[in-house]
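Input: a single structure, listed below in structure tokens.
Position 1 is the first residue of the sequence; numbering continues from there.
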Amino acid sequence: MHEGHEQMFRRRFFVSTLLSIPVLLYSETLQEWLGFSVPAFPGSEWVNPVFAVIVFAYGGIPFLRMARPELKDRSPGMMTLISMAITVAFVYSLASVFFPTESAFFWELVTLIDVMLLGHWIEMRSVRRASSAVDELAKLMPDTAERITDDGDTEEVPVSELSEGDLVLVRPGASVPADGVVEDGDSDINESMITGESKPVSKEPGDEVIGGTINGDGSLRVRVGATGEETTLAGIMRLVEEAQQSTSRTQVLADRAAGWLFYVAVAAAGVTAIAWTIAVSFNATVIERVVTVLVIACPHALGLAIPLVVAINTSLAARNGMLVRDRIAMEEARNLDAIIFDKTGTLTEGEHGVVDMATVDGVTETDALALAAAVESDSEHMIARAIREAAEERTITAPDADDFEAMKGRGVRATVDGDEIYVGGPNLLNHLDSEVPDHLQRFADEAGRNAQTVVYLVREGELLAAFAMADVIRTESYAVVDALHDLGVEVAMLTGDSRDVANAVAEELGIDTVFAEVLPEDKDEKVRELQEQGKLVGMVGDGVNDAPALTRADVGIAIGSGTDVAVQSADVILVQNNPMDVVRLLMLSKASYRKMQENIVWAAGYNVFAIPLAAGVLAPIGVLLSPAVGALLMSLSTVIVAINAQLLRRTDLSLPDVPGRSSPTDA
């Protein structure tokens with residue numbers, strides 16, 4: 001629908017603008033202002049009326065049609081005001097051809113129609129562009145896929161015939177045909193159309209891939225997990241459709257202002273007619289004054305005030321990985337008093353990591369991590385993965401390990417360089433009857449108070465090191481909390497974890513309010529608690545377990561990458577899995593709303609100034625606004641609004657590192 005309207009307004013704008021050129025050239029007012037002349041020819045006096053009639057019939061009629069519902073509902077708005085202005089200008093100008101008048105409004109009429117067509121074209125384009133990235137992604141979706149048969153051969157089938165559980169081959173440079181999980185192979189995937197991140201993402205067995213993304217140099221075998229309407233792309237399409245159907249509160253305000261302006265213009269025209277009739281009796285001058293008031297009241301600038309800002313806002317939001325389902329949410333974000341973050345996977349990585357360690361004399365942290373990583377090399381336990389990742393981050397090469405054994409409830413064992421090496425928790429120490437040095441015991445006690453898990457490294461019965469394990473806090477989370485505090489926003493955290501764990505994370509980050517040991521079905525009640533305190537509350541979560549809370553919040557913000565963007569419970573989806581985008585959302589919301597308000601003030605301010613002058617309130621002292629000067633002021637107001645909207649592009653959404661804060665792993 002929006003694309004059809006965009007095409008219609010664009011076509012009518014260009015045709016009407018082209019047809020307006022002769023009207024402008026043969027306008028005596030413009031010739032006098034600009035000091036030029038055009039050759040006259042037999043019938044040249046009909047150039048202005050003929051072309052103006054064509055422009056009105058072609059470019060102006062759509063506004064008359066759109067004004068009909070407003071008049072039917074007795075709620076005049078932007079379309080009614082535009083229709084009144086162009087109709088009055090058209091009728092008066094046409095009458096001036098047959099009856100002598102001081103001036104006509106032909107050039108004002110055609111430029112008025114041209115500007116309004118431009119404004120509505122921009123508005124329709126801004127809505128459509130919200131889905132432009134998705135449209136491009138849809139074009140990248142292949143028509144066919146290579147499905148691997150039971151005997152290992154491949155067969156080419158239409159993508160529409162793929163089913164969940166099918167195994168497909170994705171060759172180098174090809175598009176991934178559906179959402180799924182890599183079963184074999186490794187490659188880099190270009191996910192920029194979804195995430196906005198230009199850097200390819202490395203994929204290996206177990207990783208999720210998104211339909212429509214582009215495979216790199218490797219070959220992948222992908223097990224299809226979602227097709228058709230269940231895919232990430234389909235989810236984004238639904239989000240865009242909902243966003244297209246929503247209306248900005250500020251746009252509603254602009255429409256309401258146009259409605260008020262309609263009544264103001266009609267009242268001003270009535271007062272003008274009465275006052276001038278009393279002053280000079282009823283004549284052509286009275287009609288000209290009334291017509292001037294009604295024409296000047298038309299909101300050239302008001303018609304562009306919001307569409308221009310929305311178009312730029314849409315561009316900036318998309319560039320920063322924000323999918324907005326409801327435009328109202330973008331505006332409401334600026335007023336948030338409190339933001340609740342789900343802990344796991346939002347403020348934290350969602351998986352365990354080594355946050356601290358201690359060793360006995362003679363053993364370095366590098367040696368301890370190398371031995372532990374060697375023992376855990378064959379284990380898929382989350383603690384084993386955390387130890388291996390910690391070693392990789394320090395570029396530590398683990399030695400070879402033999403005779404790996406998993407000791408149920410205690411840990412793991414392996415042989416490294418002829419020594420028996422163990423990794424496990426407190427039960428392992430009891431099993432081995434190992435003594436714990438005092439400084440390692442103090443380390444373990446401190447870790448326990450911080451709700452961290454302690455894992456020990458033992459060689460031939462002798463304790464070598466202790467590792468503190470915890471759900472790792474994201475590096476960005478420190479800056480996010482500080483930045484929100486700088487914006488005057490209270491930060492709360494919500495989690496199902498124990499109170500000790502929650503308090504430890506909250507203290508580390510400087511979070512104001514903690515909701516711990518909360519069941520998923522009760523999370524929305526915590527949102528309600530803050531709302532009952534009179535606060536406007538935003539909720540940030542992964543969109544799955546947090547769906548009730550996201551729906552309850554005044555602004556629900558889903559954060560996640562890949563298939564998480566298909567969540568339907570949030571108002572705003574931050575595609576890149578980065579909590580810092582929450583701050584960018586607030587900054588963009590504040591900047592956009594400020595520009596919208598400024599533009600409305602500029603647009604309405606013109607009318608506040610011009611209508612009384614057009615009515616002739618200063619006529620007793622010799623100041624009378626002519627239609628030509630009124631049109632000039634109207635154009636100036638439009639230019640100011642356009643320039644002011646463009647300044648939104650200068651909004652700096654980059655966030656510098658917050659000094660004085662660091663993650664535990666940096667300490």
Side-chain angles (χ1 to χ4, degrees), residues 186-188 199-207 218 348-407 410-426 428-429 432 434 436-437 439-444 446-448 450 452-478 508 662-667:
D186 58 82
S187 183
D188 291 335
K199 183 179 179 181
V201 181
S202 178
K203 299 292 182 180
E204 56 186 28
D207 290 338
T348 66
E349 296 287 356
E351 55 186 30
H352 275 68
V354 177
V355 294
D356 205 355
M357 70 174 68
T359 63
V360 299
D361 292 339
V363 178
T364 66
E365 291 186 357
T366 299
D367 293 338
L369 268 177
L371 284 175
V375 176
E376 298 283 16
S377 59
D378 290 335
S379 174
E380 287 302 317
H381 192 276
M382 63 178 180
I383 289 179
R385 289 198 299 271
I387 289 175
R388 291 198 301 269
E389 288 174 1
E392 289 174 3
E393 287 175 2
R394 300 193 182 195
T395 63
I396 295 173
T397 302
D400 294 332
D402 301 313
D403 302 326
F404 174 83
E405 177 187 357
M407 305 168 65
R410 296 186 176 90
V412 294
R413 182 199 68 82
T415 301
V416 180
D417 295 332
D419 294 328
E420 279 196 326
I421 308 296
Y422 299 84
V423 178
L428 174 67
L429 300 185
L432 298 176
S434 298
V436 182
H439 73 286
L440 289 188
Q441 186 61 56
R442 288 194 297 272
F443 174 84
E446 178 64 23
N450 291 331
Q452 297 167 350
T453 301
V454 179
V455 176
Y456 299 96
L457 173 69
V458 180
R459 179 174 61 192
E460 297 291 346
E462 178 187 359
L463 186 58
L464 300 183
F467 305 96
M469 317 288 292
D471 188 359
V472 181
I473 297 175
R474 290 174 177 270
T475 304
E476 305 95 331
S477 297
Y478 297 88
E508 179 69 31
S662 60
S663 66
T665 54
D666 294 330

Any donor and acceptor pair, going by atom type alone, linking the side chain of Glu420 with main-chain N or O of Glu460 inside 3.5 Å? no

I'd like to know if the side chain of Ser434 and the backbone of Gly461 have a donor-acceptor N/O pair within less than 3.5 Å. yes

With a 4.5 Å limit on heavy-atom distance, are the side chains of [X] and [Y] in contact?
X	Y	answer
Arg413	Ile421	no
Glu446	Asp356	no
Val375	Tyr422	no

Rounded distance (nearest 0.5 Å) linking atom [atom1] of [X] with atom [atom2] of [Y]:
X	Y	atom1	atom2	result
Thr366	Leu371	OG1	CG	11.0 Å
Thr348	Arg474	OG1	CZ	7.5 Å
Tyr478	Ile473	OH	CD1	4.0 Å
Asp402	Asp417	CG	CG	9.5 Å
Thr397	Glu392	OG1	CD	10.0 Å
Ile396	Ile387	CD1	CD1	11.5 Å

Of the non-hydrogen atoms in [X] and [Y], which two are nearest, and what is the gap between them?
X	Y	value
Ala466	Val454	CB-CG1, 4.1 Å
Val423	Val455	CG1-CG1, 3.4 Å
Phe404	Ala414	CA-CB, 4.2 Å
Ala370	Pro399	O-CD, 3.5 Å
Leu463	Pro437	CD2-CD, 3.7 Å
Ala386	Gly353	CB-CA, 3.7 Å

Hey, is Glu376 close enough to Arg388 for a salt bridge, meaning N to O under 4.0 Å? no

With sequence neighbours excluded, residues passing side chain to side chain donor-acceptor pair (under 3.5 Å) with Asp367: Thr364

Is there a side-chain contact (heavy atoms from CB on, under 4.5 Å) between Val354 and Met469? Walk through the geometry before answering. CA-CA 5 Å; Val354 177; Met469 317 288 292; 3.7 Å; yes

Heavy atoms from other residues, nucleotides or ligands near CG of Asp400 exceed 12 (cutoff 6.0 Å): no

